[in-house]
Chemist: 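Handing you this structure, nothing more for now.
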Amino acid sequence: HDADPSGMTPNPDAPRRPKPKTPPKWLDAWSDPMANVDATSELMDVADLAGDGEWRLVMCSARERKIKVWANARLVSEQGLPDAPVAMRCFYAQTNEGGKRKPNVAVAAGNCVFIFRGGGVSAYGTNSTLRPYYKFTLPSLPVEPRETEVWRRLGNDSLTIDDAFNELAEARDAGAPLTERTLEFLALGEEELNNDNNKNGLHVNARNKRLAAFVRSQTVAGPPTRPTSATALGVIKHVADDADAVSRLIFCTEDGQVHVLSADAKEVSATYQLPSAVAFVAVTTGSRAEGKHVIACACRDNRVYNIVDGAVDAALVFDLEAPACGLATVGGNVVVIPCADDVVHAYALRDHAVDGKEILAGQKLYSLYLPASVASVTTLDVNRQRRLERVAFATRDGYVRAYHGSKLVVTLKTDENDPCVGMRFGRFGREENALVAVAASGGVSVRIMPRRADLTGSNENNRDAPTDETSRLAATPLAVPKKTKLYVEQTAREREFGREMHVAFQKDLCRLRLNTARARVAAMRDGGGGGARGGGGGG
């Protein structure tokens, strides 16, 4: 008899099922195009603020001078800042308080590092608000002894204004680092000397009076000081590599100093001096034993200096052809440096072996030539059965590219007209591997990496990424803006109120022409009056 049509016997005439597609590389979690956040990678981090296992997104908006905290897809708290932030990091300090361990949020703004702690109840009923906990003022720079003596003598009226001006001008011309007070005093005096009246020897007393008033207002505040400002922040894991392990905060200053705070974040435990101001700082994630780490500092003199095991290594300095636009470390052995000339360089920080090949510290490993400039960089520390580390670059052409060494492993296409300018990879909510990206327009988006995402760099996984310049140009569509809902609504409004809009435009145009004609008549009247008097005298 006929075969049982129960499905147990295969039917040769039945259509074949399509093969399963390649699993997606990223899953869209949520996005907020109206977040209005002006943040780079240096102003973004994720942390378990309440100690409940729910990781929040913490970002600083430089334009608004605020710290904003997101829990899942909601903005749950905001905290104002006294100055524009330049860097922000979350870290766990060593405390004697009981209960759940909660991280600190350090924000560098001006000459201070403000430390906040989480745990307050927000308007949404969640423990996500930040409260001020500690303010760390950066150590002031030493003042030139000659300058201090001049201001001391000015305060007790044992030195005249002219003699003080001459001595301070000589110190400035000799290259001595002067305080802001002295530079303002010299600028005020030179401005008065350059006046035409003062060139003729007039109003000298008025000049001295102005300088004397400035001196009185400044000497009341005490001796001169040279405050500095913070430029970058970093974190060193103290001993363990756990997410809530005790860590120490690193902050770099405008004068090239690198300070490392103690485990309780109350005092400076170590200070290093570099030849130039630090723009970016990164710490190796390898050996966590105390003292076994490398602090890589990209400075403004187009060099990368390295502090190895608690001392500046003068032999381990990397010269760059262009300024660095980011910094990232991979493991405990490699530092990756994207530069402004669209090239990424990788150097070895320690002696190690790769596939049986010996790599020496300071050796250049590879260079990547990207098709566009790098806007931000972050390390993809993927937590799976085996820990994986990749480096991702967000470029101005609307791509996010992740590399394993010099091999492209994952790509992500974003809006070319609104590229990513800041990103951070880590935990978010209950997810282990999430990528938070901030667009140039201020929008925020969160994407989750699937657990089965391929990070080996196969050709199938990278078919969305252009391989060279020719294919990139061929694959790039025309930059035609999409017809969004807002665009359609605006078009409908123009169609409905076209007559009123035209009348308003013509009214404004007539008003503009009238004001222009009046200004022209006034100019002709003023200029013509003098010409008429001159002409009458000649006649």
Chemist: Drop me the distance from Trp55's CH2 to Leu49's CG, to the nearest 0.5 angstrom.
Modeler: 9.5 Å
Chemist: Treating Trp30 as the side-chain partner and Val446 as the backbone partner, does any N or O pair qualify as donor plus acceptor under 3.5 Å?
Modeler: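 Not confirmed, Trp30 side chain does not pair with Val446 backbone.
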Chemist: So, the side chain of Tyr366 versus the backbone of Gly405: is there a donor-acceptor pair under 3.5 Å, distance only?
Modeler: yes
Chemist: Tell me if the CD atom of Glu78 is crowded by more than 12 foreign heavy atoms within 6.0 Å.
Modeler: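 Yes, the 6.0 Å shell around CD holds more than 12 heavy atoms from other groups.
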Chemist: Hey, are Lys102 and Asp52 close enough for a salt bridge, meaning a charged N less than 4.0 Å from a carboxylate O?
Modeler: no
Chemist: Aromatic rings Trp26 and Phe425: how do their planes relate, parallel, tilted or perpendicular, breaks at 30° and 60°?
Modeler: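 Rings of Trp26 and Phe425: perpendicular, over 60°.
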Chemist: Not counting sequence neighbours, list each pair that qualifies as a side chain to side chain donor-acceptor pair (under 3.5 Å) and has a residue in residues 434-444.
Modeler: Asp418-Ser441
Chemist: Could you verify whether a donor N or O on one side chain and an acceptor N or O on the other, from Asn433 and Arg427, lie under 3.5 Å apart?
Modeler: no
Chemist: Walk me through whether Val304 and Leu320 qualify under side chain to side chain contact (heavy atoms under 4.5 Å, CB included).
Modeler: CA-CA 8 Å; Val304 177; Leu320 306 176; 3.9 Å; yes
Chemist: How close do His259 and Val268 get, heavy atom to heavy atom, and via which atoms?
Modeler: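 So the two residues come closest at ND1-CG1, 4.0 Å.
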Chemist: In this structure, are over 12 heavy atoms from other groups packed under 6.0 Å from Lys135 atom NZ?
Modeler: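 No, because the 6.0 Å sphere around NZ of Lys135 holds 12 heavy atoms or fewer from other groups.
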Chemist: Looking just at side-chain N and O atoms, do Thr284 and His293 make a donor-acceptor pair shorter than 3.5 Å?
Modeler: no
Chemist: How far apart are the C-alpha atoms of Phe136 and Phe251, what are their side-chain angles, what is the distance that settles it, and do they pass the ring pair (Phe, Tyr, Trp, His ring centres under 6.0 Å) test?
Modeler: CA-CA 11 Å; Phe136 190 90; Phe251 55 90; 5.5 Å; yes
Chemist: Please find the pair of heavy atoms, one from Val377 and one from Gly326, that lie closest to each other, and give the distance.
Modeler: CG1-CA, 3.9 Å
Chemist: Which atoms form the tightest heavy-atom contact between Leu233 and Ala106, and what is the distance?
Modeler: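 What the structure gives for the nearest pair is CD1-O, 3.6 Å.
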Chemist: One pair to check against salt bridge (charged side-chain N to carboxylate O under 4.0 Å, His left out): Arg89 and Glu42. What are the steps and the verdict?
Modeler: CA-CA 8 Å; Arg89 283 293 177 269; Glu42 306 301 317; 3.6 Å; yes
Chemist: Looking at side-chain heavy atoms only, is the closest gap between Leu368 and Tyr403 below 4.5 Å?
Modeler: yes
Chemist: With side chain to side chain contact (heavy atoms under 4.5 Å, CB included) as the criterion, how do Val391 and Leu380 come out once you've worked through the C-alpha distance, each side chain's angles and the decisive distance to 0.1 Å?
Modeler: CA-CA 6 Å; Val391 182; Leu380 305 184; over 6 Å; no
Chemist: Looking only at side chains, do Arg117 and Asn104 share a donor and an acceptor under 3.5 Å apart?
Modeler: yes
Chemist: Output yes when a side-chain donor or acceptor of Ser247 lies under 3.5 Å from a complementary backbone atom of Tyr92, and no otherwise.
Modeler: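 A pair under 3.5 Å: yes.
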Chemist: Measuring from atom NZ of Lys413 to atom OG1 of Thr411, what distance do you get when rounded to the nearest 0.5 angstrom?
Modeler: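 OG1 of Thr411 is found 10.5 Å from NZ of Lys413.
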Chemist: May I ask you to test the Val235-Ile250 pair for a side-chain heavy-atom distance under 4.5 Å?
Modeler: no
Chemist: Please give me the minimum heavy-atom distance between Cys339 and Ala322, naming the atom from each residue.
Modeler: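 Closest pair (atom of Cys339, atom of Ala322, distance): SG-O, 4.0 Å.
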Chemist: Would you compute the distance between atom OG1 of Thr253 and atom CG of Asp255 and round it to the nearest 0.5 angstrom?
Modeler: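 So the gap between those two atoms works out to 3.5 Å.
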Chemist: Calculate, to the nearest 0.5 Å, the distance between atoms CG and CZ belonging to Leu327 and Phe280 respectively.
Modeler: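 Interatomic distance, Leu327 CG to Phe280 CZ, rounded to 0.5 Å: 8.0 Å.
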Chemist: Are any side-chain N or O atoms of Glu149 and backbone N or O atoms of Arg146, one a donor and one an acceptor, separated by less than 3.5 Å?
Modeler: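 Flag not set: sc Glu149 to bb Arg146 has no pair under 3.5 Å.
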Chemist: Under 4.5 Å between any side-chain heavy atoms of Cys60 and Val107, yes or no?
Modeler: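 Yes; the side chains approach each other to less than 4.5 Å.
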Chemist: Checking the side chain of Arg424 only, and the main-chain atoms of Ser41 only, is there a donor and an acceptor separated by less than 3.5 Å?
Modeler: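 Between the backbone of Ser41 and the side chain of Arg424 there is a qualifying donor-acceptor contact (under 3.5 Å).
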Chemist: Would you find a donor on one side and an acceptor on the other, under 3.5 Å apart, between the side chain of Asp45 and the backbone of Cys90?
Modeler: yes
Chemist: Under 3.5 Å, is there a donor-acceptor pair between the side chain of Asp351 and the main chain of Ala361?
Modeler: yes
Chemist: How far apart are the closest heavy atoms of Thr231 and Val278, and which atoms are they?
Modeler: OG1-O, 2.7 Å
Chemist: Is it the case that the side chain of Ser61 and the backbone of Arg65 share a donor-acceptor pair, with hydrogens and angles ignored and the cut-off at 3.5 Å?
Modeler: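 No, the answer is negative, given that no donor and acceptor are paired below the 3.5 Å cut-off.
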Chemist: About how many Å separate OG of Ser269 and CZ of Arg248, when rounded to the nearest 0.5 Å?
Modeler: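 Nearest 0.5 Å value for the CZ-OG distance: 5.5 Å.
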Chemist: Quick one: CG on Asp38 to NZ on Lys66, what's the gap to the nearest 0.5 Å?
Modeler: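 Between Asp38 CG and Lys66 NZ, I get 13.5 Å after rounding to 0.5 Å.
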Chemist: Under 3.5 Å, is there a donor-acceptor pair linking the side chains of Trp151 and Thr182?
Modeler: yes
Chemist: Please confirm whether the backbone N or O of Val308 pairs with a side-chain atom of Asn306, one donor and one acceptor, at under 3.5 Å?
Modeler: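 Not a single qualifying donor-acceptor pair exists.
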Chemist: Give a yes or no on whether the backbone of Pro227 and the side-chain of Ser140 come within a donor-acceptor separation of less than 3.5 Å.
Modeler: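 No; judged by distance alone, with no hydrogens or angles, the pair does not exist.
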Chemist: Taking the six-membered ring for Trp, are Phe318 and Tyr347 closer than 6.0 Å centroid to centroid?
Modeler: yes
Chemist: If you look at every heavy atom in Leu138 and Ser229, which pair is closest and at what distance?
Modeler: CD1-C, 3.7 Å
Chemist: For Arg447 and Ser445, which I'm curious about, is there any donor-acceptor pair between the side chains at under 3.5 Å?
Modeler: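 Yes.
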Chemist: Report yes if some heavy atom in the side chain of Thr395 is under 4.5 Å from a heavy atom in the side chain of Arg401; otherwise report no.
Modeler: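 The answer is yes; the side chains approach within 4.5 Å.
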Chemist: Start with the C-alpha distance between Val438 and Met423, add both sets of side-chain angles, then the distance that settles side chain to side chain contact (heavy atoms under 4.5 Å, CB included), and finish with yes or no.
Modeler: CA-CA 6 Å; Val438 175; Met423 58 182 178; over 6 Å; no
Chemist: With the side chain counted from C-beta on, respond yes when Thr225 and Thr179 share a heavy-atom pair under 4.5 Å apart, and no when they do not.
Modeler: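 A side-chain contact is absent here, since even the closest heavy-atom pair is not under 4.5 Å.
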Chemist: Decide if atom CD of Gln273 counts as having more than 12 heavy atoms of other residues, nucleotides or ligands within a radius under 6.0 Å.
Modeler: yes
Chemist: Are any of the side-chain heavy atoms of Thr271 and Val258 separated by less than 4.5 Å?
Modeler: no
Chemist: Kindly determine whether Ile67 and Phe114 satisfy side chain to side chain contact (heavy atoms under 4.5 Å, CB included), including the steps that lead there.
Modeler: CA-CA 11 Å; Ile67 307 177; Phe114 301 93; over 6 Å; no
Chemist: Can Arg172 and Glu147 be counted as an ion pair, charged N to O under 4.0 angstrom?
Modeler: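 Result for this pair is no, no salt bridge flagged.
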Chemist: Are side-chain heavy atoms of Arg303 and Leu274 found at a separation under 4.5 Å?
Modeler: no
Chemist: Counting C-beta onward and ignoring hydrogens, is there a side-chain heavy-atom pair between Val334 and Thr329 closer than 4.5 Å?
Modeler: no
